[in-house]
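Read through the structure below, which is laid out as structure tokens, and then see the notes.
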Amino acid sequence: MIREAVIMAAGLGTRLKERTTFMPKGFLRLGELPIVEWSVQKLIAAGIERIIIGTGHCSEWYEELAKKYPLIDLVYNKDYAATGSMGTLLLCAEKLRAAAALILESDLIYDAAGLFVLINDPRPNVILASGATNSGDEVYLEADSRRLLLGNSKKKAELGSVYAELVGISKLEKDTLDAMSAYCRAHAEDQPTMEYEAAMSALSRAAVEGKTGKKFAIGIRKIEYYAWREIDDESHYEMARREIYPRILENEEIRAVKREVLLNPGPATTSDSVKYAQVAADICPREKEFGEVMEWICGELSDMVGGRDRIKTVLFGASGTAADEVMISSCVGEGKLLIIDNGAYGERFGKIASSYSLPHEVYKSSGQVLPDTGAIKKRLLDGGFTHLALVYHETTTGLLNPVPELCRFSREHNITTIVDAVSAFAAIPIDMEQDCIDFMASTSNKNIQGMAGTAMVFCRKEALEKIKSYPMRSYYLNLWDQYSHFEKTGQTRFTPPVQTLYALRQAIIEAKTETIAKRYERYSACWKILVRAVRELKLSMLLPEEAQSKLITAIVEPDSPAYSFNELHDRGREQGFTIYPGKLSDAATFRIANIGDIRESEMERFTVFLAEYMKGLH
Ligand code: PLP
Ligand code: MG
Ligand code: MG
């Protein structure tokens with residue numbers, strides 16, 4: 001797995017004349033974005049967690065870009081005018097944390113398939129190459145019979161033979177980069193403006209000839225008809241615009257997965273890159289490499305709910321209900337539990353507690369109004385409860401419970417709090433420390449926008465330590481054992497859902513890029529579009545607006561005899577929308593969720609469909 005990338009972006013780009021006098025080459029635009037931003041987005045979609053950009057000329061442009069993409073780290077080459085690309089690359093290489101990285105030039109447009117090919121190439125060091133481009137600026141590559149790099153030049157005559165053209169995207173090990181850096185430093189006097197491809201060629205040739213370690217031999221991966229263009233002058237830019245960029249777009253279209261807009265409350269719509277993240281090399285999950293992936297996932301998830309130094313994330317291969325069951329069966333000990341039930345998921349907490357014969361009481365409250373916090377607080381104290389369980393966002397109705405208020409009160413009275421945040425996490429901003437939540441459940445397939453199959457329990461460290469000696473009521477769903485086993489071994493107790501976790505990793509990269517705050521803004525914008533249409537159609541909503549989560553809306557069914565949920569559902573599916581029935585016994589509703597990788601334009605389209613259906617009813 002490749003987790004880091006370097007983009008060399010310090011160069012002056014003098015051949016593009018006045019276009020790049022006050023702007024780096026990477027900011028030439030194609031379509032709606034600068035070319036380097038296309039590249040950043042492709043790297044993100046390919047599962048890169050961190051991008052180091054080596055800057056120089058007009059570095060302030062990259063500083064702006066880095067504000068938009070939190071995964072970008074900048075390295076400034078102050079000698080950019082006097083060094084070549086290798087001078088920038090060696091500064092970036094020092095900052096790498098991973099054992100291997102993708103190395104890219106900044107002035108490229110390319111088909112993302114090239115990244116997939118390099119990531120999946122079995123060789124540790126390999127550079128991407130193509131057949132003839134006739135661009136007039138080719139960097140030709142010479143290879144030996146095993147396709148190992150022997151040399152490069154812009155002049156064919158300088159090479160023994162020409163095998164392919166350098167694209168400007170490579171996969172290199174950290175050791176190889178370090179050896180290239182050493183080579184560059186050794187030639188600081190005689191080759192002060194060394195390009196990185198010269199360092200690659202020198203190192204690889206020496207390795208092939210047996211002069212240095214064999215591991216520094218660099219393979220060439222040639223894709224004969226690869227769609228790519230390096231843009232160094234006006235004619236390249238023109239060629240990119242007219243020919244290559246349209247080809248790249250077409251290739252991407254070919255790989256697009258059929259779009260289904262899921263307006264059910266999860267599993268939510270996912271991006272294609274999350275879907276494709278599941279297509280990865282097979283691995284035994286007991287390998288250290290996979291343990292590191294899970295560790296990364298847990299750390300990042302903890303950061304989303306209060307920080308990894310205070311919160312521990314524990315993963316189970318299961319659905320969200322399992323995370324609820326883990327908390328109820330593992331976290332109550334000899335205590336007494338009060339459960340708030342104002343919807344199907346609060347009720348489920350009660351069923352779980354009953355199935356374990358736990359001492360508990362269910363506090364029932366209407367699903368249609370905010371619960372009476374004063375009465376709940378009183379009951380907590382009067383009943384001598386040690387634990388409180390409630391649902392953050394009651395998906396049944398779209399009601400947002402007053403979790404911070406009740407949990408803060410509980411903290412003051414030494415009551416442990418257990419929260420189902422299955423449909424709140426990764427949309428509603430939650431800080432478990434500030435909100436005084438001790439244990440909290442969620443799942444991979446809702447607002448985090450991953451695939452179904454991973455349940456997560458977030459735990460405040462202090463609260464987690466306390467359950468160590470609690471009775472083991474469930475074998476598989478035991479929180480302490482699952483946690484401590486992973487801490488000790490870097491492995492889960494039982495087989496984890498490997499591909500689902502790869503998708504979750506990708507979903508986290510994308511959530512960090514969007515940010516949870518912006519994600520909630522996007523969801524809210526979709527909700528506003530829906531609510532506007534609901535009002536225009538004179539339909540009513542089950543809940544008053546101020547009690548709503550803005551994540552799911554329960555809409556009262558029209559009382560026309562012509563209305564049929566099934567028909568509405570089936571017609572919606574024909575247009576790529578999936579809607580959901582209501583779940584209350586005392587109100588006839590249907591539900592529209594606005595979570596997942598959905599766009600405002602899609603919600604607009606849905607409201608047009610909904611209006612057509614409703615107006616047809618009379
Ligand atoms: N809790 C809440 C609040 C939910 O919304 C859901 C599912 O919609 C669940 C629990 C159960 O999750 P799962 O169906 O993954 O078991
Ligand atoms: Mg170049
Ligand atoms: Mg160039």
Side-chain angles (χ1 to χ4, degrees), residues 6-31 33-40 53-62 64-65 76-92 103-111 114 127-141 151-159 162 164-170 184 191-201 226-248:
V6 173
I7 300 178
M8 297 166 286
L12 287 159
T14 43
R15 280 183 286 162
L16 280 147
K17 308 220 168 77
E18 62 278 3
R19 279 194 195 276
T20 48
T21 315
F22 303 109
M23 183 184 88
K25 285 188 287 190
F27 286 86
L28 288 170
R29 293 177 85 87
L30 275 175
L33 292 179
I35 58 173
V36 72
E37 194 168 344
W38 283 123
S39 185
V40 165
I53 303 186
T55 69
H57 177 58
C58 297
S59 58
E60 63 281 2
W61 289 70
Y62 283 102
E64 281 305 307
L65 189 72
Y76 181 63
N77 175 10
K78 65 177 171 26
D79 299 322
Y80 69 90
T83 56
S85 55
M86 193 59 223
T88 303
L89 181 55
L90 69 81
L91 295 175
C92 297
I103 311 296
L104 298 94
E105 299 178 27
S106 69
D107 54 357
L108 289 176
I109 61 164
Y110 57 89
D111 183 331
I127 61 181
L128 194 60
S130 76
T133 59
N134 304 312
S135 71
D137 192 37
E138 299 89 333
V139 174
Y140 298 110
L141 299 176
N152 70 274
S153 174
K154 289 198 173 186
K155 298 189 189 105
K156 280 187 179 172
E158 287 183 358
L159 301 173
V162 170
E165 290 181 22
L166 177 80
V167 169
I169 310 176
S170 310
C184 177
Q191 296 178 54
T193 60
M194 184 186 291
E195 301 294 344
Y196 82 107
E197 53 264 45
M200 288 196 296
S201 288
Y226 187 52
W228 72 282
R229 180 72 267 136
E230 180 177 9
I231 304 177
D232 274 313
D233 67 24
E234 205 55 41
S235 75
H236 300 155
Y237 194 21
E238 181 61 19
M239 205 188 288
R241 236 185 334 233
R242 277 181 184 234
E243 186 198 331
I244 312 295
Y245 179 65
R247 260 178 71 199
I248 291 172

For [X] and [Y], work out which heavy atoms get closest and say how close.
X      : Y      : answer
Pro34  : Phe27  : CB-CA, 3.7 Å
Gly11  : His57  : O-CB, 3.4 Å
Tyr196 : Ser170 : CE1-OG, 4.5 Å
Ala240 : Ile231 : CB-CD1, 3.7 Å
Thr193 : Ala82  : CG2-O, 3.5 Å
Lys25  : Asp107 : NZ-OD2, 2.9 Å

(message) Taking the side chain as everything from C-beta on, heavy atoms only, tell me whether Val6 gets closer than 4.5 Å to Thr88.
(response) no
When you compare the side chains of [X] and [Y], does any donor N or O come within less than 3.5 Å of an acceptor on the partner?
X      : Y      : result
Tyr110 : Ser39  : yes
Glu158 : Tyr140 : no
Ser135 : Asp137 : no

How many angstroms lie between atom [atom1] of [X] and atom [atom2] of [Y], to the nearest 0.5 angstrom?
X      : Y      : atom1 : atom2 : value
Leu30  : Ile109 : CG    : CD1   : 5.0 Å
Leu89  : Thr83  : CG    : OG1   : 11.0 Å
Thr55  : Tyr62  : OG1   : OH    : 8.5 Å
Arg242 : Tyr237 : CZ    : OH    : 13.5 Å
Ile244 : Asp111 : CD1   : CG    : 11.0 Å
Glu243 : Thr133 : CD    : OG1   : 9.5 Å

(message) Testing Leu104, Ile103, Asn77 one by one against Met8 for a side-chain contact (heavy atoms from CB on, under 4.5 Å), which residue passes?
(response)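 Of Leu104, Ile103, Asn77, side-chain contact (heavy atoms from CB on, under 4.5 Å) with Met8 is met by Ile103 alone.
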(message) Can you tell me which residue among Asn152, Val167, Leu159 is in a side-chain contact (heavy atoms from CB on, under 4.5 Å) with Leu141?
(response) Asn152
(request) Would you check if the side chain of Thr20 reaches a backbone N or O of Gly13 as a donor-acceptor pair within less than 3.5 Å? (result) yes
(message) Under a 3.5 Å distance rule, please check whether Trp228 uses its side chain to pair with a backbone N or O of Ser130 as donor and acceptor.
(response)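 No, the answer is negative, given that no donor and acceptor are paired below the 3.5 Å cut-off.
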(message) Could you go through His236 and Arg229, starting from their C-alpha distance and side-chain angles, then the distance that decides it, and tell me whether this counts as side-chain contact (heavy atoms from CB on, under 4.5 Å)?
(response) CA-CA 7 Å; His236 300 155; Arg229 180 72 267 136; 4.2 Å; yes
(message) Check this for me: does any side-chain nitrogen of one of Lys17 and Glu234 sit under 4.0 Å from a carboxylate oxygen of the other?
(response)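 No salt bridge links Lys17 with Glu234.
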